[in-house]
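Below, chains carry the letters A, B, ... as their sequence lines are ordered, and counting in each starts from 1. In what follows, every heavy atom counts, from backbone to side chain, and hydrogens, waters and symmetry copies are set aside.
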2 protein chains.
Amino acid sequence: MTLLAGRRVHALTLTELHEALSRRGVRASFSSVFRAVEHLEREGRVARVDLGDGRSRFEAAGPHHDHLRCESCGRIEALPRCPVTVDPPAPRGWYLHRHALVVSGLCPGCARG
Amino acid sequence: MTLLAGRRVHALTLTELHEALSRRGVRASFSSVFRAVEHLEREGRVARVDLGDGRSRFEAAGPHHDHLRCESCGRIEALPRCPVTVDPPAPRGWYLHRHALVVSGLCPGCARG
DNA sequence: GTCAATGCAAAGTTTTTGCATCGAT
DNA sequence: ATCGATGCAAAAACTTTGCATTGAC
């Protein structure tokens, strides 16, 4: 949980999480990590996010926020505030209750390079 | 292309596209569909979108639009207009140039059921 | 003949499951 | 003994590639 709640590290993939745990000396198989995250997700303590790179990422559940993603290095950050207008013009009949926004471009490092 | 440009059908997966083509009498292997789409994507005529359900979807390239997705039946539609404010409050240093928004909830059919 | 398009099968990724084992109560 | 947690390997789902063949020019 501490890992997933880190302020700097956002939305880790299972592999990243597994490696990060190993580095910290936590010996757990990939399956265990998978199942732990699955469990935490069901409990509502962890949220799965999909940033469009083809794999699921996980982060500590919390207040809504959107994501920034660097198209060059893959770096991920949370957007400081949500730029989606509260009243989306939904086609009639739809009942909408959530959204996921990924803004992409170049992070400071890659934009300079 | 005609299929991918349809107004009703948005963002087909490779499998859906393959099946749709078969139904229309176009006999092409899955690989061929994959490579055709890959080619069209490189040409900029087709755009890949990821709506968070774990597989890539493809649609005709065109003016920006975001997506609606029904969490119950998977139905997908384009949002009539983009509810993202033009000037996202990006952290300093980032150079942003695109976004992908998926609004989800229940489609008219599933909301009623 | 040449070169691109095609089909099939196989490999690569990532996610998920089966199953036997280990551990605490 | 029981019940959940664990590890390993295998299965699944999707995407991508290798390679031999086919087809158009």
Side-chain angles (χ1 to χ4, degrees), chain A residues 1-4 9-61 67 69-76 98 100 102 104, chain B residues 1-5 9-61 67 69-76 100 102 104:
Chain A
M1 271 312 291
T2 319
L3 261 177
L4 288 176
V9 184
H10 277 273
L12 300 171
T13 63
L14 282 175
T15 303
E16 288 167 352
L17 184 53
H18 185 209
E19 287 169 354
L21 288 170
S22 295
R23 259 180 269 115
R24 294 196 174 192
V26 179
R27 46 193 163 53
S29 68
F30 188 88
S31 311
S32 294
V33 175
F34 170 76
R35 285 191 270 234
V37 166
E38 187 184 36
H39 187 225
L40 289 167
E41 188 189 4
R42 269 200 301 268
E43 273 185 333
R45 308 218 287 143
V46 157
R48 176 187 302 238
V49 298
D50 182 325
L51 303 186
D53 61 353
R55 53 215 142 154
S56 295
R57 290 171 178 277
F58 300 86
E59 63 185 13
H67 294 89
R69 181 169 58 91
C70 176
E71 288 172 348
S72 173
C73 71
R75 177 170 165 186
I76 288 164
R98 97 178 60 187
V102 181
S104 48
Chain B
M1 270 311 291
T2 319
L3 262 177
L4 288 176
V9 183
H10 278 272
L12 299 171
T13 63
L14 282 174
T15 303
E16 288 166 354
L17 184 52
H18 184 210
E19 286 170 354
L21 288 168
S22 295
R23 259 182 267 115
R24 295 196 175 191
V26 179
R27 43 191 166 55
S29 67
F30 188 88
S31 312
S32 295
V33 176
F34 169 77
R35 284 190 272 234
V37 166
E38 187 184 35
H39 187 225
L40 290 168
E41 187 189 4
R42 270 198 302 268
E43 274 184 333
R45 308 217 286 142
V46 157
R48 177 188 303 238
V49 298
D50 182 324
L51 302 186
D53 60 354
R55 53 215 142 154
S56 294
R57 290 171 177 276
F58 300 87
E59 61 187 13
H67 294 90
R69 181 169 58 90
C70 176
E71 288 171 348
S72 173
C73 71
R75 178 171 165 185
I76 286 164
V102 181
S104 47

### Query
Which pair of non-hydrogen atoms, one from A:Val102 and one from A:Asp50, has the smallest distance, and what is that distance?
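Closest pair (atom of A:Val102, atom of A:Asp50, distance): CG2-O, 4.2 Å.
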### Message
So which atom in A:Gly44 and which in A:Ala61 form the shortest heavy-atom distance, rounded to 0.1 Å?
### Response
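Shortest heavy-atom contact: O-CB, 3.2 Å.
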Determine the contact category for [X]: base if any of its heavy atoms lies under 4.0 Å from a base atom, sugar-phosphate if only primed atoms, P, OP1 or OP2 are that close, otherwise nothing.
{"X": "B:Ser56", "value": "sugar-phosphate"}
{"X": "B:Ala36", "value": "nothing"}
{"X": "B:Arg57", "value": "nothing"}

Tell me the interatomic distance from [X], atom [atom1], to [N], atom [atom2], rounded to whole angstroms.
{"X": "A:Glu41", "N": "C:dT15", "atom1": "CD", "atom2": "P", "value": "12 Å"}
{"X": "A:Phe58", "N": "C:dT14", "atom1": "CZ", "atom2": "P", "value": "13 Å"}
{"X": "B:Leu21", "N": "C:dG7", "atom1": "CG", "atom2": "C1'", "value": "15 Å"}
{"X": "B:Asp53", "N": "C:dT14", "atom1": "CG", "atom2": "C1'", "value": "15 Å"}
{"X": "B:Phe34", "N": "C:dT13", "atom1": "CZ", "atom2": "C1'", "value": "13 Å"}
{"X": "B:Arg55", "N": "D:dA12", "atom1": "CZ", "atom2": "P", "value": "17 Å"}
{"X": "A:Arg48", "N": "C:dT16", "atom1": "CZ", "atom2": "C1'", "value": "10 Å"}
{"X": "B:His18", "N": "C:dC8", "atom1": "NE2", "atom2": "C1'", "value": "12 Å"}

### Message
The criterion is side chain to side chain contact (heavy atoms under 4.5 Å, CB included); which residues satisfy it with B:Val49, sequence neighbours excluded?
### Response
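Only B:Ala11, B:Leu51, B:Arg57, B:Glu59, B:His67 meet the side chain to side chain contact (heavy atoms under 4.5 Å, CB included) criterion with B:Val49.
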### Query
Any side-chain N or O of B:Ser32 less than 4.0 Å from the OP1 or OP2 oxygen of C:dA5?
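For B:Ser32, the contact criterion (side-chain N or O under 4.0 Å from OP1 or OP2 of C:dA5) is not met.
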### Message
Could you measure the distance from the OG1 atom of A:Thr15 to the CZ atom of A:Phe30? Nearest 0.5 Å is fine.
### Response
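If I round to the nearest 0.5 Å, the distance is 4.5 Å.
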Checking [X] now: which residues fulfil salt bridge (Lys or Arg N to Asp or Glu O under 4.0 Å) with it, not counting sequence neighbours?
{"X": "A:Glu38", "answer": "none"}
{"X": "A:Glu19", "answer": "none"}
{"X": "A:Arg98", "answer": "B:Glu71"}

### Task
Measure from the side-chain N and O atoms of A:Ser32 to the backbone N and O of A:Ala28, and report whether any donor-acceptor pair falls under 3.5 Å.
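No, A:Ser32 side chain to A:Ala28 backbone: no donor-acceptor pair under 3.5 Å.
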Under 3.5 Å, which protein N or O atoms sit close to an N or O of nucleotides 23-25 of chain D? Give each pair with its distance.
none

### Message
Assuming nearest nucleotide by heavy-atom distance, tell me which of B:Gly54 and B:Glu38 is located more 5' along DNA chain D.
### Response
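Per heavy-atom nearest nucleotide, the more 5' residue is B:Gly54.
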### Query
With no hydrogens and no angle check, do the side chains of A:Arg48 and A:Ser56 hold a donor and an acceptor under 3.5 Å apart?
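Looking only at side-chain atoms, A:Ser56 and A:Arg48 do form a donor-acceptor pair, the distance falling under 3.5 Å.
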Dump the pairs, protein N or O against N or O of nucleotides 18-25 of chain C, anything under 3.5 Å, distances to one decimal.
from, atom 1, to, atom 2, distance (Å)
C:dG18, O6, A:Arg35, NH2, 3.4

